[in-house]
2 protein chains.
Amino acid sequence: MPTAKSTLSTSDLIRATGVKVTPARMRVLELLNGAGRPLSHSDIESALVARPIDRVTLYRVLDSLVASALALKAVDTRGVYHYSAAAAHHRHSNHVHFHCTGCGGSFCLDAKPPSAPKLPRGFQLSAIAFELRGKCKSCISG
Amino acid sequence: MPTAKSTLSTSDLIRATGVKVTPARMRVLELLNGAGRPLSHSDIESALVARPIDRVTLYRVLDSLVASALALKAVDTRGVYHYSAAAAHHRHSNHVHFHCTGCGGSFCLDAKPPSAPKLPRGFQLSAIAFELRGKCKSCISG
DNA sequence: ATTCAAATGCAACTAAGTTGCATTTGAATC
DNA sequence: GATTCAAATGCAACTTAGTTGCATTTGAAT
Ligand SMILES: [Mn+2]
Ligand SMILES: [Mn+2]
Ligand SMILES: [Zn+2]
Ligand SMILES: [Zn+2]
């Protein structure tokens, strides 16, 4: 008899969204899930050099993961998109982050994100971004 | 005798920062000050077609305005930099804004920006961004 | 008027992201 | 296991945003 599993496998997660389970999607989603921070297209390309994925395919894989809500996409202060696995992202949605403009690092802070203010009638909120920027300890002293 | 002026002229503002007062800097800063929203490089290029400024010069003019704190630079959700005059920006620094992902519009809300949480020792804060995104009334109903 | 660092214009370049199209493949059906 | 076909991939070409190097021009100080 099959073992009861509480966590869904990567391939199950992908299949559940209705798209094909392909090696590229598997490798990228697993990479995002293992990463401790949002990764850019070129971060991912570098991480997968061993068996490279075509540049364009990688963009399309990332698009599809975002479209199926398995990943999230955000633009950084240099204007580059960074992707994170939804599962990993949710672990960080209860506190705010500090982004170092020196080293690019992201730091978890012990503070809840602010709640949304009242919106004008008829407006529909889809996202709140609260981001702190500056220099981290080692970028100042180092 | 010279008339006492309460508001500094654009050329005075530029001169005060120690850089040369040039036509390009004048025109760009005045455009930013008149604009009701942050403008991208290409927005500005389009606005100044009558007597075009070289692409590279425009980038350098914008850099210099940002360096001398006469303008601010922020990246939008498409990864493109947008510039606003500091004077115009300060008029909006006491309340938060809603950005419509449909029409690209920016709406002033009647709510103060949240204050910064405690940072770890040795960290230095340089900017706080609190941004609400979603659809505005006319983008939903229209 | 002379002087020179700062600013400009132009050509060439990089990096990020997109599009079109021919080929391959996951997975559904037989 | 073989057949089928939309979905996914690979590759070439393209676009848009932004940068760099260098020769020429210019703001403003003297
Ligand atoms: Mn975190
Ligand atoms: Mn405002
Ligand atoms: Zn740092
Ligand atoms: Zn709108």
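Because the structure is a prediction, the values reported are computed rather than measured. First the proteins, then the strands, lettered A, B, ... as listed; each starts at 1.
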Result for 5'-nearest mapping on DNA chain C, choosing between Gly79(A) and Gly18(B), is Gly18(B)
Donor-acceptor pair, His82(B) side chain versus His41(B) backbone, under 3.5 Å? no
Whole-Å distance, Leu58(A) CG to dA15(C) P, equals 17 Å
Q) With a 4.5 Å heavy-atom cut-off, do Lys20(B) and Arg15(B) have their side chains touching? A) no
pair_partner(dT24(D)), Watson-Crick or wobble, both distances < 3.5 Å, evaluates to dA7(C)
Atom OH of Tyr59(B) and atom P of dC13(C) are separated, to the nearest Å, by 18 Å
note: Tyr81(B), atom OH; dA15(C), atom P; distance rounded to Å ~ 15 Å
By the Watson-Crick or G-U definition, both distances under 3.5 Å, dA28(C) is matched with dT3(D)
Of the candidates dA16(C), dA7(C), dA27(C), the side chain of Lys20(B) sits closest to dA7(C)
Side-chain contact check for Val80(A): nearest option of dG17(C), dA28(D), dA17(D) is dG17(C)
To the nearest angstrom, the CZ-P distance between Arg15(B) and dG27(D) comes to 12 Å
Whole-Å distance, Lys73(B) NZ to dG18(D) P, equals 8 Å
For the side chain of Ser46(A) and the backbone of Ser42(A), is there at least one donor-acceptor N/O pair under 3.5 Å apart?
yes
Check your understanding: Looking at Asp43(B) and Arg37(B), does any basic side-chain N land under 4.0 Å from a carboxylate oxygen?
Key -> yes
Do Lys137(A)'s NZ or CZ and the ring of Phe123(B) fall within the cation-pi criteria of under 6.0 Å and 45°?
no
To the nearest angstrom, the CD1-P distance between Ile14(B) and dA6(C) comes to 17 Å
When rounded to whole Å, the CG to P distance for the pair Asp76(A) and dA16(C) reads 10 Å
Polar pairs (N or O, both sides) under 3.5 Å between protein and nucleotides 8-12 of chain C?
from, atom 1, to, atom 2, distance (Å)
dT8(C), OP1, Thr22(B), OG1, 2.9
dG9(C), OP2, Thr57(B), OG1, 3.1
dG9(C), N7, Arg60(B), NH2, 3.3
dG9(C), O6, Arg60(B), NH2, 2.5

To the nearest angstrom, the CG-C1' distance between Asp63(A) and dA8(D) comes to 13 Å
Exactly one of Leu39(A), Val66(A), Leu72(A) clears side-chain contact (heavy atoms from CB on, under 4.5 Å) with Tyr83(A), and that residue is Val66(A)
Here the pair of heavy atoms bringing Val80(B) nearest to Ser40(B) is CG1-CB, 4.0 Å
